[in-house]
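Order of the sequence lines sets the chain letters (A, B, ...), proteins ahead of strands, with each chain counted from 1.
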Number of protein chains: 2
Amino acid sequence: MQHAGLRDGLPAPAGGENLLFLTDEQIRRGIEAMYFAYRAFTSDPDLILDEIGYGRAHHRALHFINRDPGLTVTSLLEVLGVTKQSLNRVLRALIEDGLVDSRVGRRDRRERQLRLTDKGAALERRLSEAQRARMKAAYRNAGPQAVAGFRQVLEAMMDRDTRAQFQSLLDAPTAGARG
Amino acid sequence: MQHAGLRDGLPAPAGGENLLFLTDEQIRRGIEAMYFAYRAFTSDPDLILDEIGYGRAHHRALHFINRDPGLTVTSLLEVLGVTKQSLNRVLRALIEDGLVDSRVGRRDRRERQLRLTDKGAALERRLSEAQRARMKAAYRNAGPQAVAGFRQVLEAMMDRDTRAQFQSLLDAPTAGARG
DNA sequence: TTGGAAAGTCAACAAGGCTGCCCTATCGTC
DNA sequence: GACGATAGGGCAGCCTTGTTGACTTTCCAA
């Protein structure tokens with residue numbers, strides 16, 4: 001359907017701008033694409049997690065701890081946007097199972113600095129490789145220009161605060177205030 | 001960080017192709033962007049759903065029933081990719097609350113054809129408007145070319161079957177086998 | 001020394017996935 | 001007309017992962 005958006009009978013607006021990509025129909029497709037793609041996006045790691053009795057929440061914790069070793073529980077809470085109680089359950093399992101190392105902060109001994117153990121890093125790698133394989137295939141298939149657009153739209157969709165956080169992580173992946 | 005991907009010290013591959021967009025670092029950012037954007041994407045309708053004691057599952061059912069009035073329970077199950085029992089709980093609530101109308105199929109009386117009532121359509125509109133507002137803003141912000149790339153990558157990320165289903169819906173939104 | 005932040009714990013609850021099993025109504029076919 | 005397959009509904013019980021609320025312990029800093 002090359003002429004999507006014409007169903008409402010509106011001609012292209014004056015001024016030379018082609019705003020057909022903003023029609024309800026196009027937006028609806030974007031919404032559905034987002035839903036279907038996200039489902040696929042999580043499905044590969046989910047299979048692995050199922051095997052070992054973990055869930056997505058464990059994966060997320062492993063991911064962000066891996067990306068930023070030594071981050072505190074509070075920082076992790078902020079990134080994940082969940083409650084302390086909810087994270088705690090997951091974190092406790094990971095620590096008890098020897099995947100995450102929680103050590104008392106040097107600067108502030110109330111804080112816990114989180115790191116992956118070798119075992120945790122191995123699982124994280126396994127999970128993220130499954131996820132990356134799909135993402136990489138999609139990237140390769142779509143090409144660099146499409147990928148740029150993909151990232152642009154996703155960033156524009158985030159909440160202001162999240163986007164700021166996300167973008168700040170681009171330039172300094174490991175440079176938090178955590179020594 | 002314009003030079004992302006150079007951290008592994010690899011030069012651009014020979015052959016003139018610039019594959020820097022396929023580095024682990026770029027892929028990782030795509031993964032995180034997907035996570036953060038999806039969270040934002042669901043947050044607006046979630047607020048409304050919370051008010052009235054519904055969840056995302058109700059929203060999804062309303063969305064797909066609205067898009068394809070008269071679809072059967074089995075079709076909806078296939079689109080959503082959940083079990084009958086899981087959907088049933090949600091569907092029962094929607095029918096009891098007078099948002100969805102379930103009538104016996106004419107062609108096959110075993111089937112139930114699902115439609116939104118006026119009340120259901122009103123809620124669906126309210127929910128999808130909240131979601132569309134964000135998506136539309138992101139689209140406008142990123143521009144048509146970025147949106148094309150966005151859709152391209154999302155589609156490439158889907159499972160084969162889902163993508164086929166998704167694409168078939170483009171040309172014939174209401175043309176199922178359901179007379 | 002004292003207030004408050006950080007971290008952790010326990011309890012209870014809800015949404016929404018899942019499996020397993022059973023039931024009815026209906027359809028198509030032998 | 002009987003029988004198997006299909007569509008759908010319902011019940012029980014499980015899990016993960018989110019939530020509130022209340023409480024304690026630890027520890028830094030004023």
* Residues which pass side-chain hydrogen bond (donor to acceptor under 3.5 Å, both in side chains) with A:Glu124, listed by chain and number, not counting sequence neighbours -> A:Asn66

* **Pairing residues for B:Glu51 by the salt bridge (charged side-chain N to carboxylate O under 4.0 Å, His left out) criterion, not counting sequence neighbours** => B:Arg126

* Asked: Between C:dG16 atom P and B:His59 atom NE2, what is the distance in whole Å?
  -> 12 Å

* Roughly, in whole Å, what's the span from CG in A:Leu49 to P in D:dC15? -> 17 Å

* Rounded to the nearest Å, what distance is computed from the NE2 atom of residue B:His58 to the C1' atom of nucleotide C:dG16? -> 9 Å

* Between C:dA15 (C1') and B:Ile52 (CD1): distance, integer Å -> 14 Å

* To do: Rounded to the nearest angstrom, tell me the gap between atom CD in B:Glu78 and atom C1' in D:dT6.
  => 13 Å

* B:Tyr54 has an atom OH; how far is it from atom P of C:dA14, in whole Å? -> 17 Å

* Asked: Could you give the CG-to-P distance, from B:Asn88 to D:dC11, as a whole number of Å?
  -> 9 Å

* A:Arg29 with A:Asp24: basic N within carboxylate O range, under 4.0 Å -> no

* **Whole-Å gap separating C1' (C:dG17) and CZ (A:Arg39)** => 13 Å

* Asked: Taking only residues two or more places apart in sequence or in another chain, which ones pass ring pair (Phe, Tyr, Trp, His ring centres under 6.0 Å) with A:His63?
  -> none

Check nucleotides 25-29 of chain D against the protein and report each pair of N or O atoms closer than 3.5 Å, with its distance, or say if there are none.
{"from": "D:dC28", "atom 1": "OP1", "to": "A:Arg109", "atom 2": "N", "distance (Å)": "3.3"}

* Structure fact -> salt bridge (charged side-chain N to carboxylate O under 4.0 Å, His left out) filter on B:Arg56, not counting sequence neighbours, yields B:Asp46

* Asked: Would you say B:Arg92 reaches D:dG9's phosphate, i.e. side-chain N/O to OP1/OP2 under 4.0 Å?
  -> no

Dump every N/O contact between nucleotides 18-21 of chain D and the protein below 3.5 Å, one line per pair.
{"from": "D:dG18", "atom 1": "OP1", "to": "A:Arg60", "atom 2": "NH2", "distance (Å)": "2.6"}
{"from": "D:dG18", "atom 1": "O5'", "to": "A:Ser86", "atom 2": "OG", "distance (Å)": "3.4"}
{"from": "D:dG18", "atom 1": "N7", "to": "A:Arg89", "atom 2": "NH2", "distance (Å)": "2.5"}
{"from": "D:dG18", "atom 1": "O6", "to": "A:Arg89", "atom 2": "NH1", "distance (Å)": "3.2"}
{"from": "D:dT19", "atom 1": "OP2", "to": "A:Thr83", "atom 2": "N", "distance (Å)": "2.7"}
{"from": "D:dT19", "atom 1": "OP2", "to": "A:Thr83", "atom 2": "OG1", "distance (Å)": "2.9"}
{"from": "D:dG21", "atom 1": "O6", "to": "A:Gln85", "atom 2": "NE2", "distance (Å)": "2.9"}

* Using the test ring pair (Phe, Tyr, Trp, His ring centres under 6.0 Å), find all partners of A:Tyr38 that sit at least two apart in sequence or belong to another chain. => A:Phe41, B:Tyr38

* Structure fact -> In short, salt bridge (Lys or Arg N to Asp or Glu O under 4.0 Å) pairs touching residues 77-93 of chain B with sequence neighbours left out are none

* **5' priority, DNA chain D, between A:Arg56 and B:Leu91 [closest heavy atom]** => B:Leu91

* Could you list the residues that satisfy ring pair (Phe, Tyr, Trp, His ring centres under 6.0 Å) with A:His59, not counting sequence neighbours? => none

* Asked: In terms of hydrophobic clusters joined by side-chain contacts under 4.5 Å, are A:Ile95 and A:Ile52 together?
  -> yes

